[in-house]
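Just so it is clear: chains get the letters A, B, ... in the order the sequence lines come, proteins before strands, and each one is counted from 1.
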Amino acid sequence: MSGSNTMAMKKVVQQLRFEASINRVKVSQAAADLQQFCLQHAQQDPLLTGMTSSTNPFRTQKLCSFL
Amino acid sequence: MCDQTFVAITFGPCDRCEKNFPLMSIYIQGEAATYCSFCVDTMACEGLTKGETLVTLKNESDSLKKKLEEERNKLHDIELHKVAEKVEVLGALPIKTRRVLKGHSNKVLCMDWCKDKRRLVSSSQDGKVIVWDAFTLNKEHGVTMPCTWVMACAYAPSGCAIACGGLDNKCCVFPLSLDKNENLAAKKKNVAMHTNYLSACSFTNSDMQILTSSGDGTCALWDVESSQLLQSFHGHTADVLSLHLAPSETGNTFVSGGCDKKCNVWDMRSGQNVQSFETHDSDVNCVRYYPSGDAFASASDDATCRLYDLRADREVAIYQKDSIIFGATSVDFSQSGRLLFAGYNDYTVNAWDVLKGTRVSILFGHENRISSLKVSPDGTAFCSASWDNTLRIWA
């Protein structure tokens, strides 16, 4: 069974080699991009800005009058 | 719980040496073969370059892991919440329950929205899968599955089909018809077959392909029409509990989380595991991409939710509080990505400020654990499914 252990180990090493070689960005840059995305789309986020009853289909209408 | 434990011993002629020995079935370059254990050992040694033994490989893997840690830490120059200090603090959210969907007779395990933003499908421990109209609370379709514990369900992008599965180890697709009297169960199509329970399923950008994850430790991509396995993804060492496809139109990556505490990012075409994150202390129950596709969040039994950035290749935020001691079972982002809604085993939903790392509000209402939570496609509401047999729509 040492054969399959060696095979498994070889796969692990190959995977680690692959992962070690990817390009990484600084956290400050990545965080700034995340923040920018949030702020750019904040106005279009109904759960964040709170839609009024008339535009949100799930909120019940306030007043219902017979015409 | 990986499929290695389910191997049955067969005896017969080996594919390589033609002698009769107990056989092992293995995959070489994607092709299945049955070899005897002597041939497997010989082949394994052939793949090694000169001088490589188990010991040298182990040393190399340890040094590579250390190097990975160092590389990741080098770029860790600042925390996300520090960067977000100047951002305005969020006020109280005016979110409450707007609809309660009653109809299941047992725990609701999973739900999914339709792209038309009003329909949703839910599946339950009672074996029933129901398609609801969330505006009117009408039940539009209902199917009874032959097994109980239907743990995964998904709506097709066209809105014309649903997929579900669970303890039956399969994922089946039902085309939805406008005719209410038609028997849905008759049109059932078995698409996926795993060797353990189906934990999650999702259609890709079209109705033609389905991605599944299973308790057997693998994820798989299937063609719906022919039920063919297109690609399988091996790498998790325990049950895979959740998966989510990257949001972009051309995206061909997805993230999966499992009981081995890892979150893995995969390339759908090659089957390669491109990135792996292991910082949770317990099972990862749910993973969800950030709306831009550059990050993803995970929810775990260790009572925390974490945000991982794919370009920085590390965890960038933890959403936790000392007062939260129950596991988080599901997460989803609001449309802008500013809010993270998480459902917990203490029956509450917490809304977190993604940038600042603070909790914005707690939403009470359910009377048992939250099993699944998803924001609607246009972001106007989110739906939570619970073990209290109901689903709630919050807006």
Which portion of [X] sits near chain A, non-hydrogen atoms under 4.5 angstrom:
| X | result |
| --- | --- |
| B:Ser376 | neither |
| B:Gln272 | side chain |
| B:Phe341 | side chain |
| B:Val354 | neither |
| B:Leu80 | both |
| B:Val83 | both |
| B:Arg314 | side chain |
| B:Leu90 | side chain |
| B:Ala317 | neither |
| B:Asp309 | side chain |

Side chain / backbone / both / neither for A:Glu19 at chain B, heavy atoms under 4.5 Å: both
Interface moiety of A:Phe18 toward chain B, non-hydrogen atoms closer than 4.5 Å: side chain
Minimum heavy-atom separation for [X] and [Y], please, with both atom names.
| X | Y | answer |
| --- | --- | --- |
| A:Leu16 | B:Leu68 | CD2-CD1, 3.8 Å |
| B:Asn273 | A:Gln15 | O-NE2, 2.7 Å |
| A:Val27 | B:Ala312 | CG2-CB, 4.2 Å |
| A:Pro46 | B:Gln335 | CD-OE1, 3.9 Å |

Look at [options] and state which one has the largest set of heavy-atom pairs under 4.5 Å with chain A.
| options | answer |
| --- | --- |
| B:Ala295, B:Pro94, B:Gly337, B:Ser292 | B:Ser292 |
| B:Leu355, B:Asp294, B:Ile78, B:Leu310 | B:Leu355 |
| B:Ser276, B:Gly91, B:Gly235 | B:Ser276 |

How many angstroms lie between [atom1] in [X] and [atom2] in [Y], if you round to the nearest 0.5 Å?
| X | Y | atom1 | atom2 | value |
| --- | --- | --- | --- | --- |
| A:Leu47 | B:Ser334 | CG | OG | 6.5 Å |
| B:His81 | A:Gln35 | NE2 | CD | 13.0 Å |
| A:Gln14 | B:Leu57 | CD | CG | 9.5 Å |
| B:Asn59 | A:Met9 | CG | CE | 8.5 Å |
| B:Ser61 | A:Arg17 | OG | CZ | 10.5 Å |
| A:Ser21 | B:Glu71 | OG | CD | 10.5 Å |

Option passing side-chain contact (heavy atoms from CB on, under 4.5 Å) with B:Arg311 (candidates A:Ile22, A:Val25, A:Asn23): A:Val25
Side-chain donor/acceptor of B:Asp77 to backbone N/O of A:Ser28, under 3.5 Å: yes
Minimum side-chain heavy-atom gap B:Tyr290-A:Cys38 below 4.5 Å: yes
